[in-house]
There are 2 protein chains.
Amino acid sequence: MKRITTEDVAKIAGVSQSTVSRVLNDYPYMKKNTRDKVLAVINELGFTRDEIARSLVEKRTKSIGLIIGSISNPFFAETAEAIIERAQELKYDVIIYNTGHKDENLEQAINLLIGKRVEGIILTSVSKNYTEKIKKLHDSGFPVLLYNSFLDIKDVNFIVMDNNKGARLAVQHLLKLGHKKIAKISGPSKYLATYERTIGYKQELRENGYEIDEDLIFNSEFSYDRIYSFTKKLLKKNDRPTAILAASDQMALAVLDAASSLNLKVPEDLSVVGFDNIRLAANEFIGLTTISQQMDHMSLTALEKLIYLIENKEASSSSIQVFLKPELIVRKTTGPAPIQA
Amino acid sequence: MKRITTEDVAKIAGVSQSTVSRVLNDYPYMKKNTRDKVLAVINELGFTRDEIARSLVEKRTKSIGLIIGSISNPFFAETAEAIIERAQELKYDVIIYNTGHKDENLEQAINLLIGKRVEGIILTSVSKNYTEKIKKLHDSGFPVLLYNSFLDIKDVNFIVMDNNKGARLAVQHLLKLGHKKIAKISGPSKYLATYERTIGYKQELRENGYEIDEDLIFNSEFSYDRIYSFTKKLLKKNDRPTAILAASDQMALAVLDAASSLNLKVPEDLSVVGFDNIRLAANEFIGLTTISQQMDHMSLTALEKLIYLIENKEASSSSIQVFLKPELIVRKTTGPAPIQA
DNA sequence: TTCGATTTTGAATACGTATTCAAAATCGAA
DNA sequence: TTCGATTTTGAATACGTATTCAAAATCGAA
């Protein structure tokens, strides 16, 4: 299966390789006759330009990398869809790397993508263990954008919601409903974004005169099973919480699952609040109360900022830092605290 | 930001470019001294090999394309995750294209991926309008594998469940529960996989002595909203169905949503069966009765077959055609037909 | 028809790597 | 020490494209 090259086309069309290349690139100064002849041969042979070779000479690949914790999590899946579709419109393609939330993979992912000469990377779920690595990458002038996460340093691009505020909104909502024992299912604290949510939760409670009960806080991997079993254990206790604030909608679903398996009614027996506002949350069958991340807006902005960074490298001296406002969306999984738990 | 090349490394290390290249490729016949010197410089400069240039000379890109209808659909998201993770282990990267179920995009996706010189493509949701195109691609020796879809021709690779059988299992289950009016929410009939499900549904009903009521069949785009509103209209009728068989779990969720908005209880008032067995279906809060596609198995097999095709091009004269057996998984969304609807 | 200006084309080269072929360096046995 | 065999290295080239630079072809006005 020999590849067909511009050289082959040229030979058959009786022109030079440069001429074929010019046709491919819509070079204006050409005789219509020549162009047509070349196009005919291209069509006949089914020639497709080798973008790899082209990338080499143009020093552009028109591809970007998307590093994701777990694409089966709807939050990431919806994010990926928005980013991919917009990228396609802009004629960029997207190489996805799924880290499974493992730090080692992050390092490998970045190296692989740089090797493949992607022109920029969108990075979700960056653990703070990688602050240095990211900073170095950014300082080298390579376009990186943190999505739904940030690092505690000045010079790095990110787009993130005010997670602290988001958690506070959720806690306020639950307190207003009369809940006094509110548990928090949190992601690993190495992710600053989820860490912030836990901080916000604690601050809001303290400011309202509540003690922090560390037994009500679970710092977990993003593992459905572990959250499920922790929640179950938690809810079996005599002094069980009457409300649970999960670090994501995905986690909230695991909580609902656990509650359901114990025949606890939501929201009569237990209130649940998620984070993200994935599409499924709006499903009336579920009706998850949650904190909206404005995902569509966030993902599209992320892509567009990244492309901006790619196409305006000179301007990249200043960093792009976008904060989004959280919004509480009340649905059916939260209600007044039960009279007695 | 000038790129660092093997040439640069060579100059500083005081060796030739070929020598640097040999170090990168673990060429055995080298003086330890030379190798160490080169490695030191590579490290110092932070050199990373340009895989684009390498691809050009090696005539291999080690990347594959994954064309997907809509990655925000959990069925595809879970599929993508499994495929991406396994591909990573095998040192392949994955370029994802999201068609939004639009035929035009399929054509563009294939051309783009071929241009990028992916070594093979996994194709989900192929409409039968593209039979010719796919066949031509396959016949040219390019590794293509249809996932969860097939075409009615001999020479093409696919992995697919027996969809007809799957639909029959679902209908059998519902008939056994006493349902007499079973609606079918189907995907577009241009997809043979979903089309087969509708055929199976009809056949099973006929063989059990029921007439086919075309008003109970909805051939829809994969649009949540349209399914939602169709179902709502359907369920408001006086002679409404007591059970609905959806063409996917995603669609089943829209059905549950509609039912919930009408205050219909599942399964007391309405039974719902999905297709796919996405993870969420097992959530006890939802407990969706569905037909399992053995997604993990299907996606891993797909990837491995594709890699096989890539790495054994000679052997590709025979096609790979895998059929999987459907399995009915009964959960909580199906129950006995209500005494009278 | 002629000649300067303009349009159109081709030869040569570069992009960054891997590999072939040959030469240089090293080794070991006598 | 010498010389054939072996190990190690470098120069040249190729992968498939885009582009520069210069030459060839064409045009239009006189």
Side-chain angles (χ1 to χ4, degrees), chain A residues 1-39 41-42 45-63 91 111-119, chain B residues 1-39 41-42 45-63 91 111-119:
Chain A
M1 200 189 58
K2 206 197 152 282
R3 205 107 281 167
I4 298 159
T5 70
T6 45
E7 199 64 59
D8 300 329
V9 175
K11 211 164 289 171
I12 297 182
V15 297
S16 73
Q17 184 268 331
S18 347
T19 298
V20 176
S21 177
R22 287 196 184 93
V23 172
L24 290 175
N25 292 290
D26 287 325
Y27 185 76
Y29 297 103
M30 303 197 69
K31 270 172 98 172
K32 182 164 184 327
N33 189 22
T34 317
R35 178 185 309 266
D36 291 348
K37 205 167 47 183
V38 172
L39 284 175
V41 176
I42 285 177
L45 298 184
F47 166 87
T48 41
R49 166 159 55 190
D50 187 327
E51 298 291 341
I52 294 292
R54 183 186 209 200
S55 291
L56 184 60
V57 17
E58 301 257 275
K59 293 167 179 259
R60 294 212 54 183
T61 54
K62 280 279 213 167
S63 52
K91 303 291 174 202
N111 291 341
L112 184 133
L113 291 172
I114 300 250
K116 290 278 180 172
R117 296 297 183 252
V118 297
E119 300 191 46
Chain B
M1 199 188 57
K2 205 196 154 283
R3 203 111 275 169
I4 299 160
T5 70
T6 44
E7 198 65 57
D8 301 329
V9 174
K11 213 164 287 170
I12 296 181
V15 297
S16 74
Q17 184 268 330
S18 344
T19 297
V20 176
S21 176
R22 287 198 183 92
V23 172
L24 290 175
N25 292 290
D26 289 324
Y27 185 74
Y29 297 104
M30 304 196 67
K31 273 173 96 172
K32 183 167 182 326
N33 190 22
T34 317
R35 179 186 310 265
D36 291 349
K37 206 167 47 184
V38 172
L39 284 175
V41 176
I42 284 177
L45 298 185
F47 166 87
T48 40
R49 166 160 56 190
D50 188 327
E51 298 291 343
I52 294 292
R54 184 186 209 202
S55 290
L56 185 59
V57 18
E58 300 257 275
K59 291 168 180 260
R60 295 212 53 183
T61 54
K62 280 278 212 169
S63 52
K91 304 290 173 202
N111 290 340
L112 185 132
L113 291 172
I114 300 250
K116 291 279 180 173
R117 294 299 184 250
V118 298
E119 300 191 47

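Below, chain A is the first sequence line, B the second, and so on; all start at residue 1. The figures that follow rest on heavy atoms only: side chains count, while hydrogens, waters and symmetry mates do not.
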Side-chain N or O of [X] closer than 4.0 Å to phosphate OP1/OP2 of [N]:
{"X": "S21(A)", "N": "dA18(D)", "result": "yes"}
{"X": "S16(A)", "N": "dT9(C)", "result": "no"}
{"X": "K59(B)", "N": "dA18(C)", "result": "no"}

Whole-Å gap separating [atom2] ([N]) and [atom1] ([X]):
{"X": "I52(A)", "N": "dA18(D)", "atom1": "CD1", "atom2": "P", "value": "13 Å"}
{"X": "M30(A)", "N": "dG10(C)", "atom1": "CE", "atom2": "C1'", "value": "11 Å"}
{"X": "K32(A)", "N": "dT7(C)", "atom1": "NZ", "atom2": "C1'", "value": "17 Å"}
{"X": "L56(A)", "N": "dA18(D)", "atom1": "CG", "atom2": "C1'", "value": "11 Å"}
{"X": "E7(A)", "N": "dA18(D)", "atom1": "CD", "atom2": "C1'", "value": "13 Å"}
{"X": "K31(B)", "N": "dA24(C)", "atom1": "NZ", "atom2": "P", "value": "16 Å"}
{"X": "R54(B)", "N": "dA14(D)", "atom1": "CZ", "atom2": "C1'", "value": "16 Å"}
{"X": "D50(A)", "N": "dA18(D)", "atom1": "CG", "atom2": "C1'", "value": "13 Å"}

Base of [N], side chain of [X] - is there a donor-acceptor contact under 3.5 Å?
{"X": "Q17(A)", "N": "dA11(C)", "result": "no"}
{"X": "R3(A)", "N": "dT17(D)", "result": "no"}
{"X": "R22(A)", "N": "dT20(D)", "result": "yes"}
{"X": "R117(B)", "N": "dG16(D)", "result": "no"}
{"X": "S18(A)", "N": "dA11(C)", "result": "yes"}

Item to check | Sugar-phosphate only, base, or nothing, as touched by V15(B) at under 4.0 Å among non-hydrogen atoms | outcome: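 Counting heavy atoms under 4.0 Å across all strands, the contact made by V15(B) is with sugar-phosphate only.
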
Next on the checklist: Base, sugar-phosphate or nothing for T19(B)? Non-hydrogen atoms, less than 4.0 Å.
Outcome noted: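 If one applies the 4.0 Å heavy-atom cut-off, T19(B) turns out to touch the sugar-phosphate alone, with no base involved.
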
Next on the checklist: Checking base pairs now: Watson-Crick or wobble, both atom distances under 3.5 Å. What partners dT20(D)?
Outcome noted: dA11(C)

Next on the checklist: When both hydrogen-bonding distances must be under 3.5 Å and the geometry is Watson-Crick or G-U wobble, what is dG28(C) paired with, if anything?
Outcome noted: dC3(D)

Checklist entry - Got a second to check how far D36(A)'s CG is from L39(A)'s CG, nearest 0.5 Å? => result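 Reported to 0.5 Å precision, the distance equals 6.5 Å.
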
Would you indicate whether the side-chain heavy atoms of [Y] and [X] approach each other to under 4.5 Å?
{"X": "N25(A)", "Y": "R54(A)", "value": "yes"}
{"X": "K62(A)", "Y": "K116(B)", "value": "yes"}
{"X": "I42(A)", "Y": "L24(A)", "value": "yes"}

Next on the checklist: Please determine whether side-chain contact (heavy atoms from CB on, under 4.5 Å) holds for the pair K59(A) and I52(B), giving the CA-CA distance in whole Å, both sets of side-chain angles, and the decisive distance to 0.1 Å.
Outcome noted: CA-CA 10 Å; K59(A) 293 167 179 259; I52(B) 294 292; over 6 Å; no

Item to check | Given dT17(D), dA18(D), dT17(C), the nucleotide with the shortest approach to the side chain of A53(B) | outcome: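 Within the option list, the nearest is dT17(C).
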
Checklist entry - E58(B) side chain: which of dT17(C), dT19(C), dG16(D) is closest? => result dT19(C)

Checklist outcome for this item: Judged by nearest nucleotide, the residue sitting upstream toward the 5' end of DNA chain C, F47(B) or Y27(B), is F47(B)

Item to check | Residue mapping more 5' on DNA chain D - nearest nucleotide basis, V57(A) or T34(B) | outcome: T34(B)

Checklist entry - Looking at R117(A) and E51(B), does any basic side-chain N land under 4.0 Å from a carboxylate oxygen? => result no

